[in-house]
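Encoded as structure tokens, the structure appears first; notes follow it.
Reminder, nothing fancy here: chain letters follow the sequence lines and each chain counts from 1.
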Amino acid sequence: MVFAILQRLAQMVFVMVGISMLVFLIFFATPGVDPAARIAGRNASPEVLEAVRISFGFDQPFYIQYLTMMQKIFVTGDLTSFVNRGWKVVPAVLDTIPVTLSLVFGAAVLWVVFSVIIGVVAAACRDRWPDKLLMILGLIGISMPVYWLGEVMNLLTQSRFKDTWFLGWVPPLGYVPFSESPKGWFLALVIPWITLSILYIGLYARVLRASITEALQEDYIRTARAKGLSETRILLVHALRTSLIAFVTLFGLDFGALVGGSALLTEVVFGLQGVGKLTYDALQNLDLPVIMTTVLYASFFVVMANAVVDVVYILLDPRVRSA
Amino acid sequence: MAALSVFVLILVCCALAPVYASWAGVDPFRSTLDAVIIVNGVEQPVMELPKTGLALGFSPIGPTWQPGNYFLGADNQGRDVMARLLYGGLNSITIAGIATILTLAFATLLGLVAGFYGGLADTIISRVLDVLWAFPVYLLAISLSVVMITQGIRLGPVEIDSGSLALPIFIIGLIYIPYVARPVRGQVMSLRQSDFVMAAIGLGASPGRILRKDILPNVSTTLIVFVPIMLALNMLTESALSFLSIGVQPPNASWGTIIQDGQSLLYTRPWVALAPGIMIVLSVLSLNVFGDGLRDALDPKSRVKLGRG
């Protein structure tokens, strides 16, 4: 078991190194264009270009450039933006992390709770109308672009139904730190949480329904039925429990993907100053050092989250240990 | 099948975008701030003057609901949203389609080589795919786009302008390769051990012949099942990148860029943002429903899982 865990951690380190090299190659070695001109942003003066060249060591061999960049981002943290001269990038990114995590964790709670409820209900009524209806709704959820759903939500809560009794409580767009006002934090995030989780509720409810339906064909379910257990108990205790294994694996993968993808779009639409909004703002004025940093931090977070899920999985499931 | 016909209908409508634009007499790519149209016999400027003294600037006309006459209203630059919607759809579907072909072609090639030859080739390909797989797709796409869109790309004789549609196609085609290559590789590996391939090797068939005649036909089902799924996924990715302003570049349109244009008009002219979103949902939903049916028909054991955005 210890070997399996070490193996997984070694793989994690390998992937992290791979990703950092890939990011380096994309930003510094894409052929044809002077990388200094990219880093410095639009219409940079020759002095700025020269400063970029010195600061990133573009006269040095590639491996030195790579190490310089890694050192700037992870060790000394003194990477500065050239679009906003002298602005320290790494502390700015670290400041936005709590916002992103608040958004993602809240959405994760919603998506787990609702997808389990919907998946179980659909499996319980499989092939009858509630099942079909729920699965079609799930498919619609999967097919919606999350940022567009966010805009529709904004339209409803910020404009059309703003003064009605059932949506009057929605605060204006923006983030309220938890330490400042827990209630304000919660209210500000409710709509973003719902928006972000809808896509995943659809996906997970469908996966769970499929795996419960499959589990219900197994021999141990027949045994349970023969023992005279109630259908509810069979569904909730016997079938759901085994189906959750597939659910948990997927959850680990998606939680990571969520941090790196949909959360970014949600933050942009709702004006939450998280890592995603920071990346978006940097994209608008092509501030490459910021994008480099957020991409690396976010993808490392994702890789580590996946590794943690796998390690927990090794600890929980005896079948994986020996493998 | 009904789902497929919905998608085909959308495709045909979008393909007729130039016809619509010339019939309506609008140029969807040039700002027309001073145009005047006739609605119900009354002349109306496309960009209305602010009604109250405090409001700054112009506000574009809302939907007239008259085909060919600013049906969905105008955007911030006085351009006909309906015409842009059709052109945008054409771009979105073209990008998603070509990117799907690219992904499937490269993924099949990599999967075949890695799965069939094994050894060093497999190790290298699998490791690279592992890294790409672990890299969150949107972050990878953002990195690639931001670098290429700043200056375009110059690679020897190939010179791609930064506004070209080839860039989003290339980027979206690249990022999803591991999603297809991994299952293909697994399948090829198990086919490699099967009796009929062993028999072919025993008969002295060349690797090229075995790959072409024995293995590829068996993998093709998986590839076909992937087509609608990848198309749906690519459309969502393309629109998201365009929404982030790193996909299709202005003045060209895509459903994602129109939603972005509509963001600032959300509370006054919501249809600018609503309409392209509805089109995305309809196309992606129809592709997903069709993909579900296709998978149930061709791949009952569900080897191919719905991709994650």
Side-chain angles (χ1 to χ4, degrees), chain A residues 11 14-15 18-19 21-23 26-27 30-34 37-38 41-42 136 139-140 142-149 151-152 154-155 158-159 199 203 206-207 210 250 253-254 256-257 259-262 264-265 268-269 279-280 282-284 286 288 291-292 294-295 298-299 302-303 306, chain B residues 127-128 130-140 142-156 158-159 232 235-236 239-240 243-246 255-256 259-260 262-263 266-268 270 273-274 276-278 280-289 292 302 305-306 308-309:
Chain A
Q11 196 201 342
F14 170 81
V15 168
I19 287 181
M21 284 169 138
L22 192 62
V23 170
I26 292 173
F27 280 93
T30 303
V33 186
D34 179 10
R38 270 195 215 117
R42 280 191 193 112
I136 287 174
L139 207 54
I140 294 176
I142 296 173
S143 308
M144 274 191 290
V146 65
Y147 54 91
W148 178 74
L149 182 64
E151 290 196 346
V152 174
N154 274 345
L155 184 64
Q158 300 291 337
S159 159
L199 163 81
L203 188 57
R206 288 172 65 84
V207 169
L250 254 183
L253 278 171
D254 279 333
V259 175
S262 316
L264 187 156
L265 296 160
V268 172
V269 175
T279 315
Y280 176 77
L283 282 174
Q284 303 311 305
L286 297 176
L288 264 64
I291 298 166
M292 227 153 38
T294 53
V295 164
S299 45
V302 170
V303 173
N306 288 345
Chain B
R127 289 288 152 244
V128 172
D130 277 351
V131 171
L132 277 180
W133 171 274
F135 206 148
V137 281
Y138 278 99
L139 295 179
L140 182 58
I142 286 172
S143 316
L144 286 168
S145 321
V146 76
V147 165
M148 294 179 181
I149 273 149
T150 41
Q151 317 247 332
I153 216 178
R154 251 157 278 158
L155 187 64
V158 185
E159 196 163 317
M235 288 191 71
L236 284 177
S239 74
F243 175 74
L244 294 174
S245 73
I246 47 175
W255 285 338
I259 296 181
Q260 199 203 15
Q263 205 178 8
L266 189 61
Y267 303 133
T268 49
L274 285 179
I278 293 170
I280 296 175
V281 175
L282 280 179
S283 341
V284 174
L285 183 63
S286 62
L287 284 169
N288 277 337
V289 171
D292 259 19
S302 289
K305 292 268 188 289
L306 193 72
R308 292 178 298 276

[X] vs [Y] side-chain heavy atoms within contact, under 4.5 Å:
X: B:S239; Y: A:Y147; result: yes
X: A:R206; Y: B:D292; result: yes
X: A:I142; Y: B:V284; result: no
X: A:V268; Y: B:F243; result: yes
X: A:V295; Y: B:P136; result: no
X: A:L155; Y: B:L274; result: yes
X: A:V23; Y: B:L140; result: no
X: B:F135; Y: A:V302; result: no

Which bit of [X] is near chain B, if near means a heavy-atom gap under 4.5 Å: side chain, backbone, both or neither?
X: A:I291; value: side chain
X: A:V269; value: both
X: A:L22; value: side chain

Could you give the distance from CG (B:L285) to CE (A:M144), rounded to the nearest 0.5 Å?
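Interatomic distance, B:L285 CG to A:M144 CE, rounded to 0.5 Å: 9.5 Å.
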To the nearest 0.5 Å, how far apart are CD in A:E151 and CD in B:Q260?
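Here the rounded value is 9.0 Å.
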Between A:Y280 and B:S245, does any side-chain donor sit less than 3.5 Å from a side-chain acceptor?
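Result is no, nothing qualifies.
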So for [X], is it side chain, backbone, both, or neither that comes closer than 4.5 Å to the heavy atoms of chain A?
X: B:I246; result: side chain
X: B:L132; result: side chain
X: B:A232; result: neither
X: B:V289; result: both

Which residues share a side chain to side chain contact (heavy atoms under 4.5 Å, CB included) with A:I136, sequence neighbours left out
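Testing A:I136 for side chain to side chain contact (heavy atoms under 4.5 Å, CB included), a comparison that skips the adjacent residues, returns A:I140.
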Sequence-distant partners of A:S143, side chain to side chain donor-acceptor pair (under 3.5 Å), two or more places apart:
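A:S143 satisfies side chain to side chain donor-acceptor pair (under 3.5 Å) with B:N288 only.
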Please determine, among [options], the option with the most heavy-atom pairs under 4.5 Å with chain A.
options: B:G256, B:A273, B:P276; value: B:A273
options: B:A240, B:G277, B:G262; value: B:G277
options: B:A134, B:S283, B:S143, B:S286; value: B:S143

Go through A:T279 and B:L244 one step at a time and tell me if the side-chain contact (heavy atoms from CB on, under 4.5 Å) criterion holds.
CA-CA 10 Å; A:T279 315; B:L244 294 174; over 6 Å; no
